[in-house]
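Right, one structure below, let's go through it.
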Amino acid sequence: MTEYPKRLIEVDLPIREISAHARREKSIRHGHISTLHIWWARRPLAACRAVILAALWPDPADPQCPERFRAEATEMMKEWRARRGGPDRDWSDNTAVRAALLHFIAEFANWDHSKNAAHLETARRLVQVAHESLGDARGMKPLVVDPFAGGGAIPLEALRVGADAFASDLNPVAVLLNKVVLEYIPKHGAALVEELQRRGAWVSEQAQSALSRFYPKDADGGMPIAYLWARTIGCEGPGCGAKVPLVRSLWLSKKRGRSVGMRLTPSKGGGDVDVELIQNPNVDEANQGTVRRGSATCPCCGYTTPVASVRAQLKPRQGGAADAKLLCVVTTRAGQPGRFYRLPLEEDLEALRAASEELAQREMRQRQPLSIVPDEHLPIMSGVFNAPIYGHNTWGSLFTPRQAVALATLVQQLALGVDLIVIVELGSHTGRIPAQ
């Protein structure tokens, strides 16, 4: 071809409909790529699917559009309209064919149609016809290249509409996610899911066995599911010096009729702040945390320590994670719906001390070049992640000792139990490999 026809995306695009389908995707909880892994800059599949089709299909109203594509697109849109109903079009008018293609793209952007056989067959057929009629060898597929694929939305949708995809990224996590989504799952399907579930169950069992003493159950059978912490500073008010927990809000639950909040009061012994749990707290009281715009107000004397002083106190303590204050424990109870809140018990504090001792012992026993807890430098990412200005100079400083023990244990069990990538790469083994 001496001249190249415009693609549909250069002429028009049903933005309103695509945007509506993209917004709806945020509530999809089954079968969507977002339920497989989290990516902070995820592109909506609806928009990717629509843009890829509009970029691969030439505009039938363009004078340079290959006649084969124009003819087959017209016939396929005629059939599509006959099956779907709606007002008839003047199919001799190429702009009517263009409008029909754009309407199809808008309809196919709907998540409910993303796996519909009729939509998939029509889209893939038109993608193949467009590619061949634009001069490529018969049977060859178009190649969609995404050098910064991130969460994999673009290459995934390219495969869905019948194109080949080449995806990469500078981030190794993104590369792994794309290999799982684009290679491993399509190739191994249910066998991969079964193996992953089996290995996951093994890792969970081993981790629970190793960590149970650091996360004790309640005497009444309650299961702790969350521990609410607060980093602390010393109040700089005259003659005070109380240990102020840094919290933005005192709410624990806002459920109507059974809301729960915290009340911070001066410790009877002085020098500390006690926590009291209150049912159905006053809204104004529960909204008043100790932190506002980085400064901290003492619940004992009312003095506000400025943000510069808060940072100055936290920096030498590497952000204050290691000596943070445990405020509350969230639990569940067998046979009882909802969550329950209680103050820390001595058993909880003992488990924390045991975890700190365990971490110290593991670090002493470590003979590998890499540390148990990541000690790599933590960079400042202005506007995105500014933890270093509070003294977090390593990745490990972000975690409490018990969190560090839990993460190190999970890493160890994953290393022992998950050789799933090796299994997938070999591609020929479908039997069970001992997790040891």
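Numbering starts at 1 and runs along the sequence shown. It should be emphasised that the depicted structure is a prediction, and the values quoted were computed from it without experimental measurement.
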Taking every heavy atom of A207 against every heavy atom of L410, the minimum-distance pair comes out as CB-CD2, 3.7 Å

Which pair of heavy atoms, one from W39 and one from A174, lies closest together, and at what distance?
-> CH2-CB, 3.5 Å

V310 and G294 have their tightest heavy-atom pair at CG2-O, 3.6 Å

K6 backbone acceptor or donor facing D62 side chain under 3.5 Å = yes

R7 bridged to E10 by N-O distance under 4.0 Å | no

So how far is it from I278 CD1 to L250 CG, rounded to the nearest 0.5 Å?
-> 8.0 Å

Would you indicate whether the side-chain heavy atoms of L228 and V247 approach each other to under 4.5 Å?
-> no

Going from CE on M76 to CZ on R81, what distance comes out if it is rounded to the nearest 0.5 angstrom?
-> 14.5 Å

N-O pairing of R402 and D348 below 4.0 Å | no

Exceeds 12 heavy-atom contacts within 6.0 angstrom, atom CZ of R68 = yes

Is there a salt bridge (Lys or Arg N to Asp or Glu O under 4.0 Å) between R199 and E195 once you walk through the steps?
-> CA-CA 6 Å; R199 296 305 175 96; E195 189 68 19; 3.0 Å; yes

Do V244 and T305 come close enough that some side-chain heavy atom pair is under 4.5 Å?
-> no

Could you tell me whether R125 and E121 have a side-chain N and a carboxylate O separated by less than 4.0 Å?
-> no

Salt bridge or not for R198 and E194, using N-O below 4.0 Å?
-> no

Does a sphere of radius 6.0 Å around CZ in R124 hold more than 12 heavy atoms from other residues, nucleotides or ligands, not counting ones at 6.0 Å or beyond?
-> yes

Side-chain contact test, heavy atoms from C-beta onward, threshold under 4.5 Å: evaluate it for R339 versus S253 and give yes or no.
-> no

Backbone of R256 reached by a side-chain donor or acceptor of S259 within 3.5 Å | no

Does some side-chain heavy atom of D218 sit less than 4.5 Å from a side-chain heavy atom of P224?
-> yes

With a 4.5 Å heavy-atom cut-off, do T74 and P60 have their side chains touching?
-> no

First locate atom CH2 of W395, then atom OG of S371, and finally report the distance between them rounded to the nearest 0.5 Å.
-> 13.5 Å

Within 45° of the ring axis of F108 and under 6.0 Å from its six-membered ring centre, is that where the NZ or CZ of R160 lies?
-> no

Set of side chain to side chain donor-acceptor pair (under 3.5 Å) partners for E363, sequence neighbours left out | none

Output the distance between atom CZ (R311) and atom CD1 (I233), rounded to the nearest 0.5 Å.
-> 12.5 Å

Derivation of the side-chain hydrogen bond (donor to acceptor under 3.5 Å, both in side chains) call for Q208 and S204 | CA-CA 6 Å; Q208 287 184 21; S204 176; 3.3 Å; yes

Lys/Arg N to Asp/Glu carboxylate O, K179 vs E183, below 4.0 Å | yes

Worked verdict on V127 versus W57 for side-chain contact (heavy atoms from CB on, under 4.5 Å) | CA-CA 7 Å; V127 165; W57 293 348; 3.5 Å; yes

Is the shortest side-chain N to carboxylate O distance from R317 to D323 below 4.0 Å?
-> yes

Spacing of CD belonging to E79 relative to OG1 belonging to T122, to within rounding of 0.5 Å | 8.5 Å

Answer whether the closest heavy-atom distance between the side chains of D169 and N178 falls below 4.5 Å.
-> no

Would you name the heavy atoms of V173 and N171 that are closest together and state the gap between them?
-> N-OD1, 2.8 Å

Tell me, with the steps shown, if L126 and M77 meet side-chain contact (heavy atoms from CB on, under 4.5 Å).
-> CA-CA 10 Å; L126 286 173; M77 289 299 100; 4.1 Å; yes

When rounded to the nearest 0.5 Å, the distance separating CD of Q128 from CE of M140 is 9.5 Å

Just do the side-chain contact (heavy atoms from CB on, under 4.5 Å) check on V260 and Q279 with the steps written out, would you?
-> CA-CA 5 Å; V260 184; Q279 302 294 322; 3.7 Å; yes

Distance-minimising heavy-atom pair for P281 and W251 | CG-CZ3, 3.6 Å

CZ (R83) with more than 12 external heavy atoms under 6.0 Å | yes

When you look at CZ of R24, are more than 12 heavy atoms from neighbouring residues, nucleotides or ligands closer to it than 6.0 Å?
-> yes

Residue pair L156 / L182, side-chain heavy-atom distance below 4.5 Å | yes

Examine distances only and state if a side-chain atom of R43 and a backbone atom of C48 form a donor-acceptor pair shorter than 3.5 Å.
-> no

How about L378 and N393: do any of their side-chain heavy atoms sit closer than 4.5 Å?
-> no

Do W80 and H119 have their ring centres less than 6.0 Å from each other?
-> yes

Does T409 reach the main-chain N or O of V405 with its side chain, forming a donor-acceptor pair under 3.5 Å?
-> yes

Check the pair V275, K325 against side-chain contact (heavy atoms from CB on, under 4.5 Å), reporting the backbone distance first and the verdict last.
-> CA-CA 10 Å; V275 180; K325 180 180 181 67; 4.2 Å; yes

Is it true that a side-chain atom of E25 and a backbone atom of A46 form a donor plus acceptor pair closer than 3.5 Å?
-> yes

Note: L120 and S114 closest approach over all heavy atoms is CD2-O, 3.5 Å

Using atom types as modelled and distance alone, determine if a side-chain donor or acceptor of S295 lies under 3.5 Å from a backbone N or O of R292.
-> yes

